[in-house]
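Beneath this line is the structure, given in structure tokens, with notes to follow.
Just so you know, these numbers use all the heavy atoms, side chains as well, and skip hydrogens, waters and symmetry mates. Along the sequence shown, residues are numbered consecutively beginning with 1.
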Amino acid sequence: MNPLAFLAATLGAALAVVLVFFAIGTATDRHRVVDVAWGTGFAAVAATGLLLSHGRGADGTRWLVTALTVAWGVRLAVHIGRRSRGAPEDPRYDELLAKAKGSRMWYALRSIYLLQGLTLWFVSLPVQAAQYYGRGLTAWAAIGTALWLVGFTFETVGDRQLDRFRAAPANRGRVLDTGLWRYSRHPNYFGDACVWWGLYALAAPAWPGPLTVLSPLLMTWLLAAKTGKPLLERHLTERRPGYAAYVARTSGFVPWPPRRKV
């Protein structure tokens with residue numbers, strides 16, 4: 001399979017996933033299901049790339065980058081699916097769909113689902129490059145896997161700590177500022193970024209892998225400056241009285257010891 005056909009097939013996999021979730025979101029009138037499509041889509045793109053890159057890149061790299069991506073994507077999809085089960089619509093999507101001129105359904109398809117499908121495909125380019133052009137396992141693979149492990153640990157542990165905190169009725173309305181959340185307001189987002197820089201390291205040794213650096217840069221920007229941290233913090237500041245003080249003393253993204261009170 002030539003490179004353009006390979007990229008077209010992986011893009012098709014990403015769009016197929018978001019269209020399935022669009023049908024679910026439309027039927028249930030809860031478009032927060034697109035968050036489950038995020039992790040699912042990455043796993044689907046990686047699995048598709050593995051199948052279609054047979055006979056191209058080095059098998060060790062192909063299987064490693066696929067396994068890491070699928071493990072991350074499936075964990076994220078399952079986590080978000082459990083967290084959102086039975087929950088009302090996410091305020092972010094209510095706010096976005098309020099801007100719709102005409103059909104909310106088609107606006108949701110264009111502005112939420114298809115955009116997310118294109119974004120996750122673009123972010124997945126290092127995985128696709130490693131599968132199609134990757135060389136044998138080298139020191140870059142060790143660096144990438146180590147960085148992925150750091151990120152996966154931060155994301156998984158951070159999510160579990162937050163789930164336990166939210167499950168306790170005594171914590172209703174309070175701000176989690178212990179564990180990893182003492183050192184970063186978003187340890188899960190920081191972990192997410194590390195995962196994708198680790199996957200990029202697996203693609204970097206072989207040309208055109210270095211060109212995919214825009215993918216982890218985009219993911220980091222989305223998490224730290226666009227749709228992740230800023231939107232979430234705006235809602236938390238409005239709903240949690242102690243959140244402003246938490247912001248004042250806690251690193252916003254990269255884990256760091258909390259600031260001392262002046």
Side-chain angles (χ1 to χ4, degrees), residues 21 24-43 71-98 108 112 116 149-195 222-262:
F21 280 88
I24 297 171
T26 301
T28 60
D29 198 28
R30 289 171 64 249
H31 292 291
R32 68 183 303 152
V33 296
V34 74
D35 293 337
V36 182
W38 184 246
T40 306
F42 281 108
W72 172 83
V74 170
R75 188 215 73 87
L76 182 63
V78 170
H79 168 72
I80 293 177
R82 287 176 175 171
R83 187 180 65 188
S84 61
R85 185 183 302 162
E89 182 63 286
D90 190 311
R92 295 174 300 163
Y93 299 124
D94 275 335
E95 183 178 320
L96 180 61
L97 291 173
I112 299 176
Q116 184 158 126
L149 284 169
V150 169
F152 192 77
T153 299
F154 263 87
E155 192 170 2
T156 304
V157 173
D159 283 341
R160 287 180 179 176
Q161 290 175 344
L162 183 59
D163 285 345
R164 287 198 297 267
F165 182 82
R166 286 175 170 173
N171 293 328
R172 188 179 300 275
R174 296 177 57 194
V175 176
L176 173 59
D177 61 357
T178 58
L180 294 180
W181 300 82
R182 169 179 167 82
Y183 303 99
S184 171
R185 302 199 298 273
H186 302 281
N188 48 353
Y189 289 171
F190 169 76
D192 211 342
C194 288
V195 161
L222 289 173
L223 293 167
K226 185 62 176 175
T227 58
K229 175 175 170 285
L231 287 179
L232 181 59
E233 291 197 342
R234 188 180 71 192
H235 289 294
L236 288 174
T237 300
E238 294 170 355
R239 299 198 308 261
R240 303 286 172 88
Y243 199 77
Y246 175 63
V247 169
R249 67 177 181 269
T250 310
S251 172
F253 195 71
V254 178
W256 199 255
R259 303 176 188 92
R260 295 182 179 181
K261 295 181 180 179
V262 179

Could you grab the distance from atom OG1 of Thr28 to atom CD1 of Ile24, nearest 0.5 Å is fine? 7.5 Å
Distance-minimising heavy-atom pair for Pro255 and Ser184: CA-CB, 4.0 Å
Looking only at heavy atoms, which two atoms of Leu176 and Trp181 are closest? And how far apart? CD2-CD1, 3.2 Å
Taking all non-hydrogen atoms of both residues into account, name the closest pair between Ala108 and Leu97 and its distance. CB-CD2, 3.7 Å
Once rounded to the nearest 0.5 Å, what's the spacing between atom NE2 of His186 and atom OG1 of Thr250? 10.0 Å
Sorted by chain and residue number, the salt bridge (Lys or Arg N to Asp or Glu O under 4.0 Å) partners of Glu89 (sequence neighbours excluded) come out as none
Note, Phe253 side chain near Leu223 side chain (heavy atom, < 4.5 Å): yes
Non-neighbouring partners of Arg75 that pass salt bridge (Lys or Arg N to Asp or Glu O under 4.0 Å), sequence neighbours left out: Glu155, Asp159
So do the side chains of Leu96 and Ile112 get within less than 4.5 Å of each other, counting heavy atoms only? yes
Note: Pro187 and Gly158 closest approach over all heavy atoms is CG-CA, 4.5 Å
Side chain to side chain contact (heavy atoms under 4.5 Å, CB included) between Val74 and Phe42, worked out: CA-CA 9 Å; Val74 170; Phe42 281 108; over 6 Å; no
What heavy-atom pair brings Gly151 and Cys194 nearest, and what distance separates the two atoms? CA-CB, 3.6 Å
Does Arg185 form a side chain to side chain contact (heavy atoms under 4.5 Å, CB included) with Tyr243? I'd like the steps, not just the answer. CA-CA 10 Å; Arg185 302 199 298 273; Tyr243 199 77; 4.2 Å; yes
Taking the side chain as every heavy atom from C-beta outward, state whether Tyr183 and Ser251 have any pair of such atoms under 4.5 Å apart. no
Within-4.5 Å side-chain heavy-atom neighbours: Asp163 and Arg82: no
Please examine the side chains of Thr40 and Phe21, heavy atoms only from C-beta on, and report whether any two atoms are closer than 4.5 Å. yes
Going by the side-chain hydrogen bond (donor to acceptor under 3.5 Å, both in side chains) test, which pairs reach into residues 29-39, not counting sequence neighbours? His31-Tyr113, Asp35-Arg92, Asp35-Tyr93
